[in-house]
Each structure stands twice: as C-alpha cells, then as structure tokens.
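One is the number of the first residue; the rest follow in order along the sequence. Just so you know, ligand 1 is whichever comes first in the structure, and atom 1 is the first atom listed for that ligand.
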Amino acid sequence: MNLNNDRSVRKLKEHESIPYSLLLLADETKEAIDVYIKDSEIYVLEIENKISKENKIIGIYVLQSRDDNKIEIKNIAVDEKFQGQGIGTFLLKDAEVRSRKNGFKTIIIGTADAGIKQLYLYQKVGFEIFEVKKNFFIDNYPEPIYENGVLLKDRVMLKKVL
Ligand code: ACO
C-alpha cells in the first residue's frame, strides 16, 4: 500500500460508519467518544490498496467548535502501522488550515500529562500550553488509566493562534 500522492483529507460522510477502532487509539472508551462525536466533524485520511483498489482509513481527526472563534481537536489518531511517518504532523496542519479557512481564530487540543510524544508533537507544530486541568483523568474516568506505566492524572491544554 502507498499513501495517496496528495494525501488528501476528506470529511467522513454521514452514512459512513464511524471508525471507532482509530478513535479508540486516542480515547479510552467508546462512551467517552460518543459524548463529543455527535457535535463534531470527522476528517479522515485514506490510502488505496493498489491490488484490491479498496480504500482504507489510516488517519483521523475530529473537530468541535467551542464558540465562533475557537475550535478544538477532540481526537487525532494514526493507524499504528503508519505512525512515525509524518502523518500525525500532516493531519494537525490540515486541521489548522481548515479551521483558519472556516474563520476560527484559535485552535486548541488537550492531552494527558504523561503523553510525552503527543506533547512534543503539538508543541513542535506551534501549540503552546495554556492550562492544566488537574486530576481530569482521575475525576472523569471510572477506572485508572495508565500510559507507558504512568497513571494519567492531569489534562494538558494547548492552543495555537490561527
Ligand atoms: N516517542 C517519542 N516521539 C515519537 C515516537 C515515540 N514513540 N514516535 C514518533 N515520535 C515523534 C516523531 O519522531 C515525530 O517527531 P520528529 O518529526 O521530530 O521526528 C513526532 O513524534 C510526530 O511524528 P508523526 O509521524 O508526525 O506522528 P504520527 O503519525 O506518529 O501521529 C499520533 C502522532 C497521532 C499521536 C499517533 O502516534 C497516534 O495515533 N497515537 C495514538 C493516539 C493518540 O495518542 N492520539 C492523541 C491523543 S490526544 C487527542 O486525541 C486530542
């Protein structure tokens, strides 16, 4: 399989099933995803299998407007087989360009305090930390969540002016 030459991202159509398996890479439970997914727009990146000609979604991001000026990336994920190839960076930039075109002034994103790779990636593309929601993962999830052996506690919020 090869990435489409233009790596174009498209909006998921209403009749298409929601790619929960990808969304669940970035969020703990389907229930947590369902809280925001209905009021959000889902964008996907596909590749074509050159032999079967079938498309497969390998990247995703979810946008939810917070007000007329501010939009949030609620979920971003890349199929594990395709991580580390620049696709996450590409999706973040795509979300940024799309949001700017749609008139938003600020884009925000939140991640766990122990999400070292995500924190690095978001800051590398220009996001800055503006808030730490203390004990967010302890207060809002029924079970303790561990990432790389570390108990998730706080949610770090980052923003970028568009
Ligand atoms: N540890 C540290 N850094 C790493 C690792 C790693 N294991 N793997 C890759 N990186 C670095 C890369 O080297 C790259 O930096 P560089 O350009 O300086 O080399 C940087 O991370 C970004 O790499 P990309 O290839 O652009 O990102 P990728 O396609 O892997 O996508 C993503 C990043 C979306 C976080 C992906 O890893 C993923 O789907 N993870 C699981 C889901 C997730 O955690 N999503 C975010 C949750 S928060 C939210 O959704 C709002």
Looking at [Y] and [X], is there a salt bridge between them, counting it only when a charged N and a carboxylate O are closer than 4.0 Å?
| X | Y | value |
| --- | --- | --- |
| Lys134 | Asp154 | yes |
| Lys56 | Asp79 | yes |
| Glu46 | Arg10 | yes |

Which atoms of ligand 1 are found less than 4.0 Å from any heavy atom of [X]?
| X | result |
| --- | --- |
| Gly86 | 24 (P), 25 (O), 26 (O) |
| Thr89 | 22 (C), 24 (P), 26 (O) |
| Lys124 | 15 (O), 16 (P), 17 (O), 18 (O) |
| Ala77 | 39 (O) |
| Gly110 | 48 (S), 49 (C), 51 (C) |
| Ile87 | 25 (O), 26 (O), 29 (O) |
| Ala26 | 42 (C), 43 (C), 45 (N), 47 (C), 50 (O) |
| Tyr122 | 46 (C), 47 (C), 48 (S), 49 (C) |

Fill in: Gln64: which of Ile37, Asp39, Ile108 passes side-chain contact (heavy atoms from CB on, under 4.5 Å)
Asp39

Worksheet item: Would Tyr120 and Gln118 count as having a side-chain donor-acceptor pair, cut-off 3.5 Å?
Response: no

Practice prompt. Examine the side chains of Asp27 and Tyr36 and answer whether a donor and an acceptor come within less than 3.5 Å of each other.
Written response: yes

Considering non-hydrogen atoms of the protein only, which is the closest contact for [atom], and what is the distance?
| atom | result |
| --- | --- |
| atom 32 (C) of ligand 1 | Leu121 CD2, 4.4 Å |
| atom 9 (C) of ligand 1 | Lys117 CE, 3.4 Å |
| atom 30 (O) of ligand 1 | Gly84 N, 2.8 Å |
| atom 35 (C) of ligand 1 | Gln118 CG, 4.0 Å |
| atom 40 (N) of ligand 1 | Gln83 NE2, 3.6 Å |
| atom 11 (C) of ligand 1 | Tyr120 CE2, 4.1 Å |

Among [options], which one has a heavy atom closest to [atom]?
| atom | options | value |
| --- | --- | --- |
| atom 29 (O) of ligand 1 | Gly88, Gly115, Gly59, Ala112 | Gly88 |
| atom 43 (C) of ligand 1 | Leu25, Asn75, Ile109, Thr111 | Leu25 |
| atom 39 (O) of ligand 1 | Ile73, Ile76, Val78 | Val78 |

Discussion item. Is any side-chain heavy atom of Ile129 closer than 4.5 Å to one of Tyr122?
Written reply: no

Worksheet item: Does Asn75 reach the main-chain N or O of Leu23 with its side chain, forming a donor-acceptor pair under 3.5 Å?
Response: yes

Practice prompt. Using non-hydrogen atoms of the residue, decide whether Glu80 is closer than 4.0 angstrom to ligand 1.
Written response: no

Worksheet item: Is there a protein heavy atom less than 4.0 Å away from atom 45 (N) of ligand 1?
Response: yes

